[in-house]
Enquirer: 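This is the structure I want to talk about, given as structure tokens.
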Amino acid sequence: MTYDNRTLVWGELKAEPGQFVTGMVKVAELSHRGPVLMPVLIVNGAKPGPRLWLNGAVHGDELNGPMAIRNLLPALEPEKLSGAIIATPISNPLAFQARQKNTPQDSLDLDMQFPGDPNGTLSQRLAHLLFERIKEMATHLIDCHTLGTHFQALPYTVFKRIPAASSEISDQAERMARAFGATAHCRVDLGGSLNELPGNVSGFLDVQCQIHGIPAFMAELGWGGVLQPEIVSFSERGFLAVLHDLEMWPEAPDPAPYTAPRTITRRRFLYTDHGGLCIDGAAPGTVVRAGERVCRIVDMFGTVQEIIADEDMYIIASRQNPPVDTGDRVAFVGLAWEQEEDIDE
Ligand SMILES: [Zn+2]
């Protein structure tokens with residue numbers, strides 16, 4: 001594939017080849033007529049190459065990815081970069097402002113609205129505005145997420161295989177996710193079972209990117225509502241590793257801290273049948289064998305439910321905020337996986 005070397009323009013923002021620019025772009029207006037502004041950072045490399053889009057805070061309480069983006073980009077010399085990095089670290093500024101996952105104005109999950117609607121609600125318009133720019137500028141994309149605030153997890157990546165995307169695009173997405181170097185990679189086959197992911201799966205940014213020929217994956221970077229310095233630096237390293245793998249950046253970063261990641265091919269949530277406090281949860285990154293306990297639900301008088309694995313489970317995420325009601329999620333687990341050494345490249 002050949003790439004042109006060109007000036008990137010977004011509203012008032014203009015990045016010539018060899019320039020790093022930052023600025024705010026207007027994405028909406030509030031009732032008092034004040035603008036809603038979104039921060040944009042562009043490193044336009046001196047040499048031609050792929051254009052990697054880094055997106056963050058599509059869910060407003062997810063902070064580790066945005067911090068990694070704002071730390072890394074100013075440190076990259078444009079003279080050494082082939083291609084460009086376009087970053088929207090706070091892609092849902094209204095949810096970010098509200099310290100919550102969804103957009104307060106329409107209560108929608110922005111990551112279920114892509115490719116968006118220019119005549120819809122605020123989230124749908126924001127998705128449209130973003131996605132038009134992504135289609136125009138990006139050749140690759142990383143969407144930075146975290147788990148919800150009630151969970152804890154080691155960093156992992158998710159790549160989706162979608163019937164509507166070419167296998168070449170899916171393969172590139174998977175390669176990027178592996179290059180990122182997390183503890184586990186979840187391969188989600190959207191041609192098969194959809195029931196592990198609630199909601200409008202076709203509206204996910206990474207799904208729409210792949211349908212439009214842009215290899216993309218999700219990085220799940222810790223959990224929401226907090227900044228986790230070790231996960232922020234892990235994420236900076238991950239971005240660099242993808243840049244190097246795409247031949248955009250000359251130097252390889254230090255090896256990933258996780259040496260034998262798993263590729264998880266089937267996942268599900270575990271739920272509690274009772275209210276109480278969820279305690280003694282198995283740690284993320286560990287395997288719970290069939291018949292062993294994943295966690296238990298207790299009340300003020302004793303144990304009300306032992307959550308027992310009915311098959312072997314890899315703990316992707318576990319509950320860290322104990323109070324639960326009937327039907328609350330207590331863990332997110334992998335049910336089938338391959339260890340990296342077993343995979344024939
Ligand atoms: Zn998210």
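In listed order, ligands and their atoms are each counted from 1.
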Enquirer: Do we get Arg329 above Phe151's six-membered ring, with its NZ or CZ under 6.0 Å from the centre and within 45° of the axis?
Expert: no
Enquirer: With the side chain counted from C-beta on, respond yes when Leu54 and Ile86 share a heavy-atom pair under 4.5 Å apart, and no when they do not.
Expert: no
Enquirer: How long is the straight-line distance from SG of Cys209 back to CZ of Phe131, given to the nearest 0.5 Å?
Expert: 5.0 Å
Enquirer: Treating Ile, Leu, Val, Met, Phe, Trp and Tyr as nodes and any side-chain heavy-atom pair under 4.5 angstrom as an edge, say whether Leu246 and Ile69 lie in one connected cluster.
Expert: yes
Enquirer: Inside 2.8 Å of the Zn ion (ligand 1) but strictly below it, how many protein N/O/S atoms are present?
Expert: 4
Enquirer: Between Val330 and Cys295, is the side chain to side chain contact (heavy atoms under 4.5 Å, CB included) condition met? List the steps.
Expert: CA-CA 8 Å; Val330 294; Cys295 61; 3.9 Å; yes
Enquirer: Ring centroid separation for His185 and Phe180, is it under 6.0 angstrom?
Expert: no
